[in-house]
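So that the names make sense, note that chain A is the first sequence line, chain B the second, and so on, each numbered from 1.
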There are 2 protein chains.
Amino acid sequence: MARAGLTAERVTIAAAELADEVGLDQVTMSQVARRLGVKDASLYSHVRSLEELRGRIALLAADEKTIRIAEATAGRAGKDALIAFANAWREYAHRYPGRYTATQSQVRIDPELVARAPGPRRAVELTYGMLRGYGLAEPDLTDAVRLLRSTFHGFVALEAAGGFAHERSPQQSWPRALEALHALLERWPSSGEGDSA
Amino acid sequence: MARAGLTAERVTIAAAELADEVGLDQVTMSQVARRLGVKDASLYSHVRSLEELRGRIALLAADEKTIRIAEATAGRAGKDALIAFANAWREYAHRYPGRYTATQSQVRIDPELVARAPGPRRAVELTYGMLRGYGLAEPDLTDAVRLLRSTFHGFVALEAAGGFAHERSPQQSWPRALEALHALLERWPSSGEGDSA
DNA sequence: CCACGGTACCTAGGGGTTCTAGGCTATAGC
DNA sequence: GCTATAGCCTAGAACCCCTAGGTACCGTGG
């Protein structure tokens, strides 16, 4: 019997493609094996379990998304960088919905696998770098990073879950949200005082 | 054989409790049945499928979350209302992680079921009401509602997924994020101009 | 008080899934 | 060319979803 030349990476990619096509929770060992022309038991030489495979998809997505964002923001600064960053994020989520969903998984991934994946760490660094132009200092910087990441993720997640049922298209609200975040970053409220309206 | 007195609601509640304890994707018909002291096949008289059951959990969570938010914001306005709203949201997600996760499901729920659940619709109304004090007009109002919902959801989702690995606790970043959103709402950038830094 | 209809729960079973144990065979190194 | 390793296999246990059809309990009307 001809060898299929499987490897953990190839299995992960097949699973990721499947996730984008039919949804993450339709990704089963059997389906992935079928797509690779192999029996399901054969996958266990490369991947410990279905859960681990899901984790690998998540890490793959994190890496890919980080690369897109890095390319999009290269050479840009300030508002341009913010918009490029956010659009790259959202476009990734739209184009690879299954992979992106894997990112939201709440089961914790094998730390040794995480350590080998540059994506998650680098994503945070990129966000900090993008904010450099706004002149924020710690701990405001970390808080701002978290606010941005929350908003980006929340927007695309709600969009995917059909949370924006109103007649106004999310496509219209998105640039306005970015505009608002930019304005916010320019006059970030300093830590001490709370200007109650 | 003594009747267990099942009903769609009781099945949903048992499933929701199970989801909070062991995670949403560990919720199976067999486990729910076991918890209710019943055979799995018996559940199908009350719930069409596992998928529908997940949808019912999501609607239950939406209703419950809306009620918490309504109670928390009652009689408050402006910044007080914003903070109460956001904290009620986040606390619900922390206390009922399985139910909250069900909310993020991307499979669409039976529309007839949705129509009977007041939660989702009311949640949006509450958000609009909370923003009344900031004096925004459409379409800015809708955009602001979406930005807020995105940020609230994104923050708790990232928090649950372990996305805030930095040493600074999310607990510290959260009030700062709310402060920032309040400042943003007070000087929401009007639709026309883009003040490029 | 009894018959009866409906409903709640049951058993049985098909087909899918994850994962383990163990076997065979193709490839790589000597 | 021989052997060791690794890749893929078959077999099978345990679980899961869901359907079909049976049985026993309950509330109601006579």
Fill in: Same apolar cluster (I L V M F W Y, side chains within < 4.5 Å links), B/Tyr92/B/Leu60
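No.
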Worksheet item: Does one hydrophobic cluster hold both A/Ile13 and A/Ile57, with members joined at side-chain heavy-atom distances below 4.5 Å?
Response: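 No, A/Ile13 does not connect to A/Ile57 through the hydrophobic network.
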If I take atom [atom1] in residue [X] and atom [atom2] in nucleotide [N], what distance separates them, rounded to the nearest angstrom?
| X | N | atom1 | atom2 | answer |
| --- | --- | --- | --- | --- |
| B/Leu43 | D/dA20 | CG | C1' | 17 Å |
| B/Gln26 | D/dC17 | CD | P | 11 Å |
| A/Arg10 | D/dG7 | CZ | C1' | 13 Å |

Discussion item. Under 4.0 Å, counting only non-hydrogen atoms across every strand here, what does B/Thr28 touch: a base, just sugar-phosphate, or nothing?
Written reply: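 Sugar-phosphate: the residue B/Thr28, judged by heavy atoms under 4.0 Å, touches backbone atoms but no base.
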Discussion item. Under 4.0 Å, heavy atoms only, any strand: does A/Ser42 hit a base, just the sugar-phosphate, or nothing?
Written reply: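 Base contact.
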Worksheet item: Quick one: is D/dC17 close enough that its OP1 or OP2 comes under 4.0 Å of any side-chain N or O from B/Arg54?
Response: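 For B/Arg54, the contact criterion (side-chain N or O under 4.0 Å from OP1 or OP2 of D/dC17) is not met.
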Worksheet item: Counting just side-chain N and O atoms, does A/Ser45 come under 4.0 Å of either OP1 or OP2 of D/dC8?
Response: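 No, A/Ser45 has no side-chain N/O under 4.0 Å of OP1/OP2 on D/dC8.
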Practice prompt. Please check if atom CZ in A/Arg35 has more than 12 non-hydrogen atoms from other residues, nucleotides or ligands closer than 6.0 Å.
Written response: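 Above 12, so yes.
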Worksheet entry | A/Gln31, CD: over 12 other non-hydrogen atoms inside 6.0 angstrom |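 Count over threshold, so yes.
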Nearest to the side chain of [X], which nucleotide is it out of [options]?
| X | options | value |
| --- | --- | --- |
| B/Val38 | C/dT17, C/dC10, D/dC17 | C/dC10 |
| B/Gln31 | D/dC8, D/dC16, D/dT10 | D/dC16 |
| A/Lys39 | D/dT10, D/dC8, C/dC9 | D/dT10 |
| A/His46 | D/dC16, D/dC8, C/dC9 | D/dC8 |

For nucleotides 19-23 of chain C, list the nitrogen or oxygen atoms of the protein found under 3.5 Å from its nitrogen or oxygen atoms, one pair per line.
| from | atom 1 | to | atom 2 | distance (Å) |
| --- | --- | --- | --- | --- |
| C/dC19 | OP2 | A/Tyr44 | OH | 3.1 |
| C/dC19 | OP2 | A/Leu50 | N | 2.7 |

Item to complete: For a salt bridge (charged side-chain N to carboxylate O under 4.0 Å, His left out) with B/Glu64, tell me which candidate from B/Arg99, B/Arg122, B/Arg95 qualifies.
Response: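 Testing B/Glu64 for a salt bridge (charged side-chain N to carboxylate O under 4.0 Å, His left out) against B/Arg99, B/Arg122, B/Arg95 leaves exactly one candidate, B/Arg99.
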Practice prompt. Answer with yes or no whether the side chains of B/Glu51 and B/Ser49 bring together a donor and an acceptor at under 3.5 Å.
Written response: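 B/Ser49 vs B/Glu51: no donor-acceptor pair found between side chains.
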Practice prompt. Check whether any side-chain N or O of A/Glu138 sits under 3.5 Å from a backbone N or O of A/Thr142 as a donor-acceptor pair, and report yes or no.
Written response: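 Answer holds: yes.
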